[in-house]
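Written out below as structure tokens is the structure these notes cover.
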Number of protein chains: 2
Amino acid sequence: MVHDTNECARELLDVVPSVMRFIRTEMRRHRALGLSVPQFRTLVYIERTGGTSLVGVAEHLGLTPPSACKIVDGLQGRQLITRTQSPEDRRMVTLQITSGGKQALADARGETQKSLTSVLSALSQHELLAVTRSMEILRTAFTGERVHANS
Amino acid sequence: MVHDTNECARELLDVVPSVMRFIRTEMRRHRALGLSVPQFRTLVYIERTGGTSLVGVAEHLGLTPPSACKIVDGLQGRQLITRTQSPEDRRMVTLQITSGGKQALADARGETQKSLTSVLSALSQHELLAVTRSMEILRTAFTGERVHANS
DNA sequence: TATTGTTATACTCTATAACTATA
DNA sequence: TATAGTTATAGAGTATAACAATA
């Protein structure tokens, strides 16, 4: 039914920016070792791959290479990642997370998740499962990725 | 169960930014009469209230007054809203949408919704309903607002 | 020639601080 | 004194265009 697809799109357009704003605000609030949302996502990806390139980051995050370059600049400046020339193809850089980066990631993840968890505690068990399941549906639809089995 | 709340928070933190990036990219892509996401949300709010103040905008969007002021500057510069001094309290401004603003809103809404709809068309009827319902749950949880009966 | 990455430039969003005008 | 709004300033995120180095 076309109607339901449109309604769902309208809801996404209305609600997703609100949740996003909450996430940004929370991340900004705990910014002692704080990460912005793009920095956070970039770091997550670099950690997960264990050694990606700049183009890899750009493609994964849906950014242009210059944008990815600037975010990587910031992370490297704070020594959260290393950026080395690849031995095989000297045009490429290899990006890897440092122990400091892992720590910052754990902190940001923990603090922001705690704030989200507190909001979500108002939901019933049933609602919680519905939202969790919907996130999995949206992940598949918008990124083509399946859930990775970690944590 | 605490576990489910945490898992849900982790999913939100992972998936919401992806969907948000899609929305931003789409809005940017159709930017003939295009609006950024904050401009879009501001315009939606001004339309819905039919005459709000700058502080009203700031509070609704979770922005500081200077941030709201700049976004309003941009909308006014493109003649999508009017900004008049309130007769009752001359410190206040009254923000109202223009016919051009309504048009821009309809265009942005239509184009971006079309792109979202196209992605959502891959979902089953059941999944679609689950996502729609979850958006309503999240709207209530993150904004305290109930669905308004329009459109 | 094509690809990887970078630099230059510009615009939007966002904040804090300091200010004006009005109440 | 308190509130509504603005201006000044600064930093992050994003883009396009142009470039260098390597393949």
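Sequence lines set the chain letters: A, B, ... in the order given, protein chains first and strands last, and positions in each chain run from 1. Side chains are part of it too, since the values below use all heavy atoms of this structure and drop only hydrogens, waters and symmetry mates.
For A/Pro87 and A/Ile71, each mapped to the nucleotide of DNA chain D holding its nearest heavy atom, the one lying further toward the 5' end belongs to A/Ile71. Both A/Leu54 and A/Thr25 lie near DNA chain C, and the one whose nearest nucleotide falls closer to the 5' end is A/Leu54. Projected onto DNA chain C by closest heavy-atom contact, A/Met92 and A/Arg24 fall at different nucleotides, the more 5' of which corresponds to A/Met92. Residue order along DNA chain D, read from the 5' end via each residue's closest nucleotide, puts A/Gln39 first among A/Gln85 and A/Gln39.
The CD-C1' distance, from A/Glu26 to C/dA15, rounds to 16 Å in whole Å. If you take CE of A/Met27 and C1' of D/dA12, they are 15 Å apart, rounded to a whole angstrom. Atoms CG (A/Leu95) and C1' (C/dT6) sit 13 Å apart, rounded to a whole Å. When the P atom of D/dA23 is taken as reference, atom CD of A/Glu88 falls 11 Å away, rounded to whole Å. Atom CG of B/Asp89 and atom P of D/dA2 are 17 Å apart (whole Å). Look at CZ on A/Phe40: it is 17 Å from C1' on D/dG13, rounded to the nearest Å.
Taking only side-chain nitrogens and oxygens, A/Ser67 comes nearer than 4.0 Å to OP1 or OP2 of D/dA15. B/Arg21 has a side-chain polar atom (N or O) that falls below the 4.0 Å cut-off from OP1 or OP2 of D/dT14. The phosphate of D/dA12 has neither OP1 nor OP2 within less than 4.0 Å of any side-chain N or O from A/Ser36.
Within 4.0 Å of B/Ser86, counting heavy atoms only, lies no atom of the nucleic acid at all. Within 4.0 Å of B/Arg83, counting heavy atoms only, lie sugar-phosphate atoms of the nucleic acid but no base atom. Across all strands, B/Asp73 comes closer than 4.0 Å to no nucleic acid atom at all (heavy-atom distances).
Comparing C/dA8, D/dA4, C/dG5 by their closest approach to the side chain of B/Val55 singles out D/dA4. Across C/dG5, D/dT14, D/dT7, the shortest atom-to-atom separation from the side chain of B/Cys69 is found for D/dT7. Of the candidate nucleotides C/dT14, D/dA15, D/dT6, D/dA15 has the atom nearest to the side chain of A/Leu63. When each of D/dA15, D/dG13, C/dT3 is scored by its nearest atom to the side-chain atoms of A/Arg91, the top-ranked nucleotide is C/dT3.
Considering only heavy atoms from C-beta on, A/Asp4 stays 4.5 Å or farther from B/Leu120 through its side chain.
Looking at B/Lys70, its side chain comes within 3.5 Å of the base of C/dT14 through a donor and an acceptor atom. Judged by distance alone, with hydrogens and angles left aside, B/Arg90 brings no side-chain donor or acceptor close enough to the base of C/dT22 to form a pair under 3.5 Å.
The aromatic rings of A/Phe22 and B/Phe142 stand perpendicular to each other, their planes meeting at an angle above 60°, with 30° marking the opposite boundary.
Of all heavy-atom pairs between B/Arg90 and B/Gln85, the closest is O-NE2, 3.1 Å.
In terms of modelled atom types and a separation under 3.5 Å, the side chain of A/Thr25 and the main chain of A/Arg21 share a donor-acceptor contact.
Here CZ of B/Arg10 is found 12.5 Å from OG1 of B/Thr5. Values are rounded to the nearest 0.5 Å.
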| Should A/Arg133 and B/Ser134 be marked as a side-chain hydrogen bond (donor to acceptor under 3.5 Å, both in side chains) after you check the CA-CA gap, both sets of side-chain angles, and the distance that decides it? | CA-CA 9 Å; A/Arg133 177 146 180 273; B/Ser134 293; over 6 Å; no
